[in-house]
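One structure is given here, and the rest of the page talks about it.
Quick note on labels: first sequence line is chain A, next is B, and so on, each numbered from 1.
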There are 2 protein chains.
Amino acid sequence: MVPSPARHQEEVKKVFTEFLEKKKMRKTQERFAILEEIYNIEHFDAYSLFVNMKDKNYRVSRATVYNTLELLIECGLVKRHHFGANFSVYEKAYHYRQHDHLVCMDCQKIYEFCDPRIQNIQEMVQDMYGFDIEYHTLVFRGICQACESKKQNSSPGSSRTTSTK
Amino acid sequence: MVPSPARHQEEVKKVFTEFLEKKKMRKTQERFAILEEIYNIEHFDAYSLFVNMKDKNYRVSRATVYNTLELLIECGLVKRHHFGANFSVYEKAYHYRQHDHLVCMDCQKIYEFCDPRIQNIQEMVQDMYGFDIEYHTLVFRGICQACESKKQNSSPGSSRTTSTK
DNA sequence: GTTTTATTAAGAATTAGTCTAAATAAAAAT
DNA sequence: ATTTTTATTTAGACTAATTCTTAATAAAAC
């Protein structure tokens with residue numbers, strides 16, 4: 001059973017609190033403000049997070065955003081992705097089903113999908129190469145349905161039956 | 001049948017030549033020097049390529065390295081990967097079987113593997129999400145066999161039977 | 001409440017990658 | 001073959017993401 005959003009929020013805070021206590025690190029306002037902010041977003045990058053928080057009149061520095069993200073990754077509450085651009089994309093990771101990503105090369109939107117077969121591939125690789133796998137990254141890049149139909153409508157002289165290029 | 005290395009080298013040059021001719025671009029020494037250099041390396045990043053060429057007393061600038069890599073990607077002779085660091089990793093791509101990657105988090109070495117099941121997943125995603133997929137990236141990250149056994153030998157007090165955390 | 005010290009903010013530094021403008025070298029014209 | 005034209009190159013300036021530094025701040029310990 002998936003916990004309710006509010007309950008979930010509390011659980012996440014508890015996880016981070018215990019993590020910080022175990023590491024004998026301080027429970028600062030900034031760290032929890034960042035955690036709270038993150039748990040309202042789907043996918044985000046460090047700079048947007050920083051700007052969003054500034055806009056909401058939190059006073060956080062870039063350094064703290066990066067440092068806290070690092071901590072949240074370490075304790076498993078956040079995942080970092082390198083989706084090909086020159087910056088990292090992050091997402092919350094607690095109690096979130098295993099999934100992989102579809103990135104639209106046109107609108108840059110990120111979609112999620114699940115497929116258990118990746119697990120099988122992982123096991124095969126583990127056995128065949130003696131590789132002790134920690135995690136995987138699977139990204140499909142292409143054009144999403146929305147952008148595809150947008151293109152079809154706007155391209156002048158394109159017929160519905162001929163494929164464009 | 002896979003062509004011999006020398007023959008292969010020639011083919012690759014021909015592909016690039018024709019590409020440049022089609023685009024009415026110039027066949028410069030620098031462009032071919034970079035191509036030749038690349039076809040002796042497995043995986044590389046732009047900076048190492050630049051330094052290696054400098055060491056061999058080629059005179060190439062960083063800009064030319066980046067620009068030429070872009071051209072080689074465009075004509076399908078090179079692939080770019082974003083393996084999680086803050087820089088791109090490249091590899092030659094001509095007549096090279098489809099494969100994915102294993103990255104060792106310890107020694108940073110990159111291994112390759114093939115699995116046809118990824119194709120199936122791709123088709124499923126294509127159908128279910130109406131996503132027009134151009135390519136995929138699958139990376140497993142973990143500890144390679146070599147590093148694993150190195151650790152086992154060096155960790156003091158570790159027994160062969162108990163798993164280390 | 002005071003002291004201690006980890007953490008923060010602001011901005012300097014770094015790093016991968018891109019851009020710019022003068023110099024060079026392919027290709028075209030003579 | 002030489003000259004002219006212009007794409008390409010080089011070196012270094014620039015940018016953007018991220019990391020580092022240092023004085024100021026605020027948790028936690030006393």
Side-chain angles (χ1 to χ4, degrees), chain A residues 13 16-37 43-75 78 80-90 108, chain B residues 13 16-38 43-75 78-90 108:
Chain A
K13 266 187 214 164
F16 195 32
T17 303
E18 283 171 6
F19 172 81
L20 291 173
E21 281 171 355
K22 198 173 291 173
K23 294 202 78 175
K24 290 188 164 49
M25 295 179 87
R26 291 182 179 173
K27 286 160 254 168
T28 66
Q29 297 188 322
E30 290 81 0
R31 283 175 178 160
F32 284 93
I34 289 168
L35 177 60
E36 205 154 307
E37 187 67 16
H43 296 92
F44 60 95
D45 59 90
Y47 183 71
S48 314
L49 177 58
F50 170 66
V51 170
N52 280 353
M53 296 196 74
K54 280 275 176 196
D55 288 352
K56 292 186 183 176
N57 287 323
Y58 288 102
R59 246 227 289 74
V60 279
S61 65
R62 260 165 318 141
T64 299
V65 167
Y66 280 104
N67 291 339
T68 303
L69 283 173
E70 213 57 54
L71 285 173
L72 290 170
I73 289 164
E74 198 186 331
C75 81
V78 165
R80 193 209 321 268
H81 297 285
H82 303 273
F83 284 156
N86 37 344
F87 57 87
S88 298
V89 173
Y90 301 83
Q108 308 300 322
Chain B
K13 267 187 212 163
F16 195 33
T17 302
E18 283 171 6
F19 172 82
L20 291 173
E21 282 171 355
K22 198 173 291 172
K23 294 203 78 175
K24 290 186 167 44
M25 295 179 88
R26 290 184 179 172
K27 286 160 256 166
T28 66
Q29 297 188 321
E30 290 81 0
R31 284 176 177 159
F32 284 92
I34 289 168
L35 177 60
E36 205 154 307
E37 187 67 15
I38 282 172
H43 297 90
F44 59 95
D45 59 273
Y47 183 71
S48 314
L49 176 58
F50 170 68
V51 171
N52 280 353
M53 295 195 74
K54 281 275 177 197
D55 287 351
K56 292 185 182 177
N57 288 320
Y58 288 103
R59 244 224 294 70
V60 279
S61 64
R62 256 168 321 142
T64 299
V65 167
Y66 280 104
N67 291 338
T68 303
L69 282 173
E70 214 57 56
L71 285 174
L72 290 169
I73 288 165
E74 199 186 330
C75 81
V78 165
K79 267 192 188 166
R80 193 207 321 270
H81 297 285
H82 303 273
F83 284 156
N86 36 346
F87 58 85
S88 297
V89 173
Y90 302 82
Q108 308 300 323

- Looking at residues 54-64 of chain B, who's got a heavy atom less than 4.0 Å off DNA chain D? B/K54, B/R59, B/V60, B/S61, B/R62, B/A63, B/T64
- Query: Which residues pass the side chain to side chain donor-acceptor pair (under 3.5 Å) test with A/Q108, sequence neighbours left out?
  - Reply: none
- Closest non-hydrogen atom pair, A/E70 against A/R80: OE2-NH2, 2.9 Å
- Item | Non-neighbouring partners of A/K56 that pass side-chain contact (heavy atoms from CB on, under 4.5 Å), sequence neighbours left out | A/E37, A/Y58
- Kindly assign one of parallel, tilted or perpendicular to the pair A/H43 and A/F83, based on the angle between their ring planes and the thresholds 30° and 60°. tilted
- Message: Any non-hydrogen side-chain atom of A/L49 less than 4.5 Å from a side-chain atom of A/V60?
- Response: no
- Heavy-atom contacts under 4.0 Å between residues 20-34 of chain B and DNA chain C, which residues? B/R26, B/K27, B/Q29
- Task: List for me each residue that meets side chain to side chain donor-acceptor pair (under 3.5 Å) alongside A/R26, sequence neighbours excluded, and say none if there are none.
- Result: none
- Taking side-chain contact (heavy atoms from CB on, under 4.5 Å) as the test, write out the residues that go with B/T68, two or more places apart. B/F16, B/R31, B/I34, B/T64, B/L72
- Message: Just to verify, what does B/Q29 make a side chain to side chain donor-acceptor pair (under 3.5 Å) with, not counting sequence neighbours?
- Response: none
- Specify the angle, to 10°, made by the local axes at the two ends of the helix from C/dG1-D/dC30 to C/dT30-D/dA1 when five pairs are taken at each end. 20°
- Task: Find out whether B/Y90 and B/I38 are in side-chain contact, i.e. whether some heavy atom of one side chain is under 4.5 Å from a heavy atom of the other.
- Result: no
- Message: If I compare all heavy atoms of B/H82 with all of B/S88, which pair ends up nearest, and what's the gap?
- Response: CE1-OG, 3.5 Å
- A/E36: side-chain contact (heavy atoms from CB on, under 4.5 Å) partners, not counting sequence neighbours: A/Q9, A/K13
- Message: Can you measure A/E70 atom CD to D/dT18 atom C1' for me and round it to whole angstrom units?
- Response: 10 Å
- Which nucleotide span of DNA chain C, 5' end to 3' end, has atoms closer than 4.0 Å to non-hydrogen atoms of chain A? C/dT5 to C/dA12
- Item | Sugar-phosphate, base or nothing in reach of B/Y66, heavy atoms under 4.0 Å | base
- Query: Rounded to the Å, how far apart are B/N67 CG and D/dT9 C1'?
  - Reply: 9 Å
- Message: I'd like to check the side-chain contact (heavy atoms from CB on, under 4.5 Å) partners of A/Y47; sequence neighbours left out, ordered by chain and number.
- Response: A/D45, A/F50, A/V51
- Query: Once you round it to whole Å, what is the distance between P of D/dT10 and CZ of B/F50?
  - Reply: 9 Å
- Query: B/H81: what forms a side chain to side chain donor-acceptor pair (under 3.5 Å) with it, not counting sequence neighbours?
  - Reply: B/E91
